[in-house]
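As structure tokens, the structure follows; a few thoughts come after it.
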Amino acid sequence: MPSSLRLPGAPFVARRGDALYLEDCRLSDLAHEYGTPLYVYSRSAMRASLAEYADALAGRRHLVCYAMKANSSLAVLQTFAQAGCGFDIVSGGELERVLAIGVEGARIVFSGVGKTRAEMRRALEIGVRCFNVESEAELEVLSEVAQQCGRIAPVSLRVNPDVDAGTHPYISTGLKGNKFGIAHDRALAAYRRATELPSLRVAGIDCHIGSQITELSPYLDALDRLLDLVEAIEQAGIPVHHVDVGGGLGISYKDETPPPAGELVRRVLERMDARGHGERELVMEPGRSLVGNAGVLLTEALYLKPGEQKNFCIVDAAMNDLMRPAMYEAWMDIVACEQRHGLPQSYDVVGPVCESGDWLGRDRLLSVQAGDMLAVLSAGAYGMAMASNYNTRPRAAEVMVEGDRHWLIRERETHADLFRHEHLLPR
Ligand SMILES: *Cc1c(COP(=O)(O)O)cnc(C)c1O
């Protein structure tokens with residue numbers, strides 16, 4: 001076998017000779033077999049990223065809850081469930097997904113600023129482990145719903161610690177101006193209220209300060225703010241069982257150097273120990289860092305369009321398949337599945353959707369011809385999960401690989417699927 005060159009940031013992607021592989025699967029073969037656009041995920045990569053959290057947490061009271069909004073495909077959830085992972089959900093739809101793969105309520109925490117009464121009812125019925133409550137108004141409604149169902153709702157209040165996660169404004173969630181969580185200085189009063197309300201039981205405290213975080217310090221600052229509150233709340237006679245520090249750990253898309261998950265865990269545990277909270281259960285809600293680098297999006301180059309100012313490489317994947325570049329101006333690496341040896345040229349890699357914002361990469365050096373397959377790297381998180389049918393485009397298929405084996409885990413949507421639920425008006 002030719003020597004293998006690992007690509008930075010995506011350790012399960014490697015170039016062997018001219019060919020790009022995910023584990024032992026040649027990506028151009030998968031693109032031809034299943035068609036494009038195609039998401040491909042490495043099961044081993046997902047297991048390895050979860051193991052990094054789990055190993056560092058071994059021997060401590062803990063639960064890792066995969067924030068499934070990052071990638072909610074059933075086979076992905078199954079991979080994590082089999083490894084003993086819990087789940088962080090943000091909607092009734094996500095709840096039904098985890099229930100569909102046989103996860104029990106005790107491994108599910110329910111986050112989100114806008115839970116409906118129906119969602120609360122269903123979550124109570126299946127015995128969800130904890131509601132991460134995001135406002136004082138939600139506390140009142142949850143208590144009412146729980147009382148109607150004859151259940152006790154376990155609650156944790158999501159506190160906004162007012163720390164700057166140093167990330168993109170759209171994915172920063174722990175600052176005062178955000179819609180998320182309960183203000184730090186209102187939290188104690190909210191806990192008091194929770195104990196007055198019938199049908200609620202205080203279980204813990206949580207925060208989630210943002211996404212694609214590449215520094216440790218915002219986590220430690222947020223943890224300190226949470227532990228200050230825990231101490232105040234317990235002094236007021238309200239026991240707080242667990243501390244949930246949320247998710248948000250970044251991955252390497254280009255040259256970012258986030259701390260490894262194990263390092264984050266160790267530093268968090270160290271700080272808890274130092275403050276005398278070593279016995280408290282630690283909950284974490286990683287999303288992106290469990291799946292981001294495990295996936296690639298394969299796409300075929302349809303046309304090369306040279307221009308005066310720019311050359312365009314028009315591909316068959318678009319913003320509806322992968323929203324991150326259009327939505328956050330995110331940079332994601334784009335490489336050829338089979339390397340050519342011609343002189344590379346600079347291209348904007350764009351999709352077929354009728355929007356100037358429909359691009360996957362700008363000013364990329366590529367040696368490419370029409371018909372070539374390209375891979376967008378680190379596309380395992382917030383890729384397929386954010387896909388839409390804009391321009392009446394069917395959503396992509398998904399494949400899971402492990403070693404040299406591969407499985408279709410989601411069929412490509414058909415055109416008939418796209419208007420199956422629509423009705424014409426009476427004539
Ligand atoms: C999105 C989200 C997460 C996961 O964030 P990542 O950046 O993907 O790790 C965790 N907790 C909550 C409440 C979230 O909304």
Side-chain angles (χ1 to χ4, degrees), residues 46 49-50 52-53 63-73 76-77 80 85-91 93-95 98 107-115 119 123 128-135 138 155-161 163 165-175 178-182 204-216 218-219 222-223 226 242-253 256 258-261 264-265 268 282-295 323-324 327-328 330 378-386:
M46 292 182 186
S49 4
L50 179 63
E52 230 191 291
Y53 280 92
L63 184 65
V64 177
C65 291
Y66 167 51
M68 63 176 280
K69 72 177 189 284
N71 186 329
S72 54
S73 300
V76 171
L77 304 180
F80 289 120
C85 195
F87 295 88
D88 174 51
I89 63 168
V90 292
S91 73
E94 289 194 346
L95 179 56
V98 281
R107 309 192 73 80
I108 303 170
V109 300
F110 193 173
S111 300
V113 290
K115 301 175 194 77
E119 287 173 327
V128 82
R129 176 193 183 91
C130 188
F131 289 87
N132 289 348
V133 173
E134 300 229 12
S135 64
E138 184 187 335
V155 296
S156 155
L157 300 195
R158 175 168 174 180
V159 173
N160 184 335
V163 301
T167 185
H168 189 283
Y170 283 11
I171 50 178
S172 182
T173 55
L175 280 166
N178 293 126
K179 70 176 175 184
F180 299 100
I182 295 171
I205 191 166
D206 69 284
C207 71
H208 171 68
I209 55 176
S211 200
Q212 187 50 21
I213 300 169
T214 55
E215 307 282 338
L216 280 169
Y219 281 104
L223 176 63
L226 282 193
H242 72 259
V243 169
D244 176 348
V245 294
L249 182 62
I251 63 171
S252 177
Y253 287 101
E256 304 90 335
L264 169 65
V265 170
V268 164
L282 175 63
V283 178
M284 300 182 89
E285 303 169 351
R288 186 192 312 269
S289 56
L290 291 185
V291 290
N293 282 333
M323 183 101 107
R324 298 189 65 258
M327 185 154 163
Y328 313 114
S378 303
Y382 304 107
M384 188 64 189
M386 293 174 88

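Whatever order the structure lists ligands and atoms in, that order sets their numbers, starting from 1. This one's a predicted model, so the numbers in the text were calculated from it and none came from an experiment. Residues: numbered from 1 along the sequence shown.
Under the ring pair (Phe, Tyr, Trp, His ring centres under 6.0 Å) criterion, Phe80 pairs with Tyr66, not counting sequence neighbours. Partners of Arg107 according to the salt bridge (charged side-chain N to carboxylate O under 4.0 Å, His left out) rule, which considers only residues two or more places apart in sequence or in another chain, do not exist here. Partners of Glu94 by salt bridge (charged side-chain N to carboxylate O under 4.0 Å, His left out), not counting sequence neighbours: none found.
Contact residues of ligand 1 (protein heavy atom closer than 4.0 angstrom to a ligand atom; sorted by chain and number): Ala67, Lys69, Asp88, Ser111, Arg158, His208, Ser211, Gly247, Gly248, Glu285, Pro286, Gly287, Arg288, Tyr382.
The two atoms that bring His208 and Gly248 nearest to each other are CE1-N, 3.8 Å, heavy atoms only.
Under the 6.0 Å distance and 45° angle rule, Lys115 counts as a cation-pi partner of Phe110.
Between the Asn71 side chain and the Ser73 main chain, a donor and an acceptor come within less than 3.5 Å of each other.
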